[in-house]
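Quick notes on the structure that follows.
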2 protein chains.
Amino acid sequence: MNFDAITIRDIARELQLSVSTVSKALRDSYEISEKTKKLVLEYAKENNYRPNPMAQSLKKGHSKSIGIVVSSIDNQFFSQVINGMESEAYSQGYNVIITQSHESYDLEVQNVSHLIHRAIDGLLISIATETADVEHLRRLQQQGLPIVFFDRVSSEIDTHKVIVDNLGGSYQATIHLIDSGYKNIAHITSSVTSSVTTQRLSGYVQALVERGIEVNDQYIKYCAHGGLNLEELEQAVDELLQSSTPPDAILTASDRITTSTMTLLHKKNIRIPQDVALVGFSNTVLADVLNPSLTSVHQPAFEIGKKATEMLLSIINSKRPVTEFENVILPTELFIRNSSLKVAPE
Amino acid sequence: MNFDAITIRDIARELQLSVSTVSKALRDSYEISEKTKKLVLEYAKENNYRPNPMAQSLKKGHSKSIGIVVSSIDNQFFSQVINGMESEAYSQGYNVIITQSHESYDLEVQNVSHLIHRAIDGLLISIATETADVEHLRRLQQQGLPIVFFDRVSSEIDTHKVIVDNLGGSYQATIHLIDSGYKNIAHITSSVTSSVTTQRLSGYVQALVERGIEVNDQYIKYCAHGGLNLEELEQAVDELLQSSTPPDAILTASDRITTSTMTLLHKKNIRIPQDVALVGFSNTVLADVLNPSLTSVHQPAFEIGKKATEMLLSIINSKRPVTEFENVILPTELFIRNSSLKVAPE
DNA sequence: ATGAAAGCGCTAACAA
DNA sequence: TTGTTAGCGCTTTCAT
């Protein structure tokens with residue numbers, strides 16, 4: 001921090017004033033005469049004075065910035081969410097600090113710790129696939145850190161949460177597959193521990209049950225690392241394809257799993273949807289130009305980010321401790337494209 | 001910063017020691033007895049003591065973190081670059097703070113300012129498409145802030161730079177198109193002011209000239225905002241398609257322009273490559289599963305990020321001012337897929 | 001081997 | 001209206 005090295009003290013010395021006078025003048029205090037204010041303000045502007053926010057934060061205990069933890073920015077869903085967060089945060093004079101957990105519990109803990117020590121005023125987090133224990137977050141919350149969960153939430157911590165209607169999205173997609181004529185519908189999803197997994201699985205099961213289709217456990221595959229390493233996903237896909245009655249359709253439960261599954265099917269020369277139909281949760285802007293175009297469950301990512309940030313800032317700005325928490329559920333939207341086309345048997 | 005509220009002072013009080021003793025013990029100073037060190041360290045660990053980095057930064061004048069400015073994380077190229085940066089930074093004990101300029105000059109300036117005031121020790125930046133004037137960066141550099149440019153560099157500032165062989169990549173792609181039988185090759189690129197634009201344009205022109213094909217200015221379209229708003233791109237595409245001799249191939253110069261062009265062509269029912277072939281700079285992992293699969297010029301994004309960070313940290317850690325700067329140029333790789341397939345005339 | 005004290009840049013209670 | 005002073009949490013001389 002020796003860039004723009006001029007400090008409040010320099011101004012004071014130069015103008016023959018005390019530091020406190022300068023400080024107050026800078027903050028437009030009513031105690032300071034217009035004349036002095038003008039003098040200080042002009043000098044400050046001319047010399048490109050910038051308050052040192054480290055010092056300010058140290059003093060004031062807050063930093064006007066909020067921390068974000070997502071699993072990976074290399075994911076259209078999360079980058080869209082982040083854009084929504086930036087938008088809301090900027091409009092209220094806050095900055096954001098973005099970090100990635102890469103689905104790792106250790107990295108999540110490390111990032112949160114880094115953010116905390118960067119004096120963030122609040123935390124927006126989608127917990128990592130690996131994370132089973134949220135003790136690190138609960139402690140922080142108890143100590144007064146405002147936290148808002150989005151996407152992957154924890155039921156063990158009571159705070160504002162923003163998710164989508166995962167059950168509904170999954171249900172709708174499965175019904176679509178069934179009504180398109182598919183019978184043996186598999187589901188590739190993320191880690192068992194994730195809230196998102198549970199909800200999307202429920203939607204899938206509910207649709208099957210409702211249409212009188214037996215739920216086959218062999219058709220449900222979990223990826224402990226959210227499909228981050230291709231091996232686990234490939235194994236899941238292989239097991240499905242090599243089973244005695246291979247599925248004729250697959251519902252994939254996350255952006256990465258969806259696109260990776262598509263890539264794997266291509267690599268294995270499995271035709272979509274002739275050999276197996278594919279419907280997946282995904283926010284990729286390329287859904288239309290994929291081969292085939294991808295039927296996808298789309299989430300209002302920008303709105304999720306915006307809403308989560310609004311709620312976080314409302315906690316931060318609240319005079320009294322917030323104890324009533326809200327659980328916002330936004331709708332998903334099913335875009336039907338060619339990857340789930342009904343095909344006549346050959 | 002009252003989360004994990006325990007401070008060095010608390011430890012001192014609890015252990016009946018002075019703060020300075022505790023501070024030294026924590027930093028494993030030779031002045032402190034093993035016994036005391038052990039006492040302090042254990043107490044600190046048990047009580048989950050974390051030094052307050054704001055205070056440390058304020059005191060020491062550095063923060064062990066580096067700032068990153070990219071145009072948009074919603075772009076596989078940049079998110080891969082960032083992963084490379086994180087990887088190198090973490091391995092050297094640094095944290096990164098990621099910000100997006102969204103191709104806007106104002107946002108770039110604001111982000112840089114925010115980063116500076118967050119006491120970053122160095123800056124990694126790919127300048128925004130809109131940015132023509134780099135005065136804000138030059139001033140910072142003169143004041144001693146280590147800066148490393150990557151991707152979009154400025155010739156007006158002398159520092160380490162990491163780019164790819166843009167000319168070569170573009171040349172190779174164009175030659176590939178020509179040798180595949182395409183004659184009327186258009187080039188959709190970014191803002192005129194960008195270094196990347198110039199280099200990629202040169203490669204394109206060079207290939208045409210070398211193969212004795214006339215360079216047609218009508219075939220070269222600029223997008224002032226890097227294709228960020230679809231309108232400017234759509235106009236470019238329309239102008240090309242509606243010209244008296246429409247191109248039979250297009251070379252697109254950036255990730256966003258490439259994917260957006262593909263989307264537009266689909267929307268207009270223009271067949272690729274039958275009606276027009278497409279080759280583009282892109283790092284999307286979906287290139288293989290696009291319709292058609294996309295011939296792309298791929299950049300070693302992770303390595304770019306890693307290398308840039310290495311260089312930045314070498315400046316930061318250098319005892320004496322660095323005045324000799326390096327210009328690293330990494331190779332691109334052309335992946336030939338179906339979007340540039342040679343097609344027999346109908 | 002340990003402690004007292006100054007100070008990083010800033011804010012704010014209190015004095016003048 | 002302006003100035004003095006005491007910290008925020010930490011590091012670092014300089015005593016002891």
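Protein chains get the first letters and strands the later ones, always in sequence-line order, with residue 1 at the start of each. Given the structure is predicted, the values throughout are model-derived calculations rather than measurements.
By the ring pair (Phe, Tyr, Trp, His ring centres under 6.0 Å) test, B/Y105 is found to be paired with B/H136, residues two or more places apart in sequence or in another chain being considered. Among residues two or more places apart in sequence or in another chain, the side chain to side chain contact (heavy atoms under 4.5 Å, CB included) test is passed with B/S63 by A/R118, B/S57, B/S65, B/A119, B/D121. In this structure B/E108 satisfies the salt bridge (Lys or Arg N to Asp or Glu O under 4.0 Å) test with no other residue, sequence neighbours excluded. With sequence neighbours left out, A/E156 forms a salt bridge (Lys or Arg N to Asp or Glu O under 4.0 Å) with A/R138. Partners of A/R27 under the salt bridge (Lys or Arg N to Asp or Glu O under 4.0 Å) rule, at least two apart in sequence or in another chain, do not exist in this structure.
Proximity of A/S18 to the phosphate of D/dG3: a side-chain N or O atom is located under 4.0 Å from OP1 or OP2. Side-chain nitrogen and oxygen atoms of B/R9 include at least one within less than 4.0 Å of the OP1 or OP2 phosphate oxygen of D/dC8. Dashed line: the shortest gap from a side-chain N or O of A/Q56 to OP1 or OP2 of C/dG9 is not under 4.0 Å. For B/T36 and C/dA1, the shortest distance from a side-chain N or O to OP1 or OP2 is not below 4.0 Å.
B/N52 has its CG atom 17 Å from the P atom of C/dC10, to the nearest Å. One atom, CD of A/E34, and another, C1' of D/dT1, lie 12 Å apart when rounded to the nearest Å. Between the OH atom of A/Y30 and the C1' atom of D/dT1 there is a distance of 11 Å, given to the nearest Å. As a whole-Å value, the separation of B/L15 CG from C/dT2 C1' is 13 Å. Rounded to a whole Å, the CG atom of B/L39 is 14 Å from the C1' atom of C/dT2. The distance between atom CD1 of B/I8 and atom C1' of C/dT2, rounded to the nearest whole Å, is 14 Å. What separates OH of B/Y49 from C1' of D/dG9 is a distance of 7 Å, to the nearest Å. Note: CZ (B/R13) to C1' (C/dT2) measures 19 Å, nearest angstrom.
Under a 3.5 Å cut-off, the side chain of B/D151 and the backbone N or O of B/I163 do not form any donor-acceptor pair.
The rotation axes computed at either terminus of the helix from C/dA1-D/dT16 to C/dA16-D/dT1 lie 50° apart, taking five pairs at each end and rounding to 10 degrees.
Judged as a salt bridge (Lys or Arg N to Asp or Glu O under 4.0 Å), the pairs with a partner in residues 87-97 of chain B (not counting sequence neighbours) are, in order, B/E88-B/K306. The salt bridge (Lys or Arg N to Asp or Glu O under 4.0 Å) analysis of residues 62-75 of chain B, with sequence neighbours excluded, yields no pairs.
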Identify the pairs formed between an N or O of the protein and an N or O of nucleotides 12-16 of chain C at a distance under 3.5 Å, and give each distance.
unit_1 : atom_1 : unit_2 : atom_2 : d
C/dA13 : N6     : A/K24  : NZ     : 3.3

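Taking only side-chain atoms of B/S33, from C-beta outward, the nucleotide of C/dG9, C/dT2, D/dT2 with the closest atom is C/dT2.
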Side chain to side chain contact (heavy atoms under 4.5 Å, CB included) assessment of B/L41 paired with B/L39:
CA-CA 6 Å; B/L41 256 16; B/L39 196 67; over 6 Å; no
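Residues B/I32 and A/A55 each lie close to DNA chain C; by heavy-atom proximity, the contact nearer the 5' end of the strand is made by B/I32.
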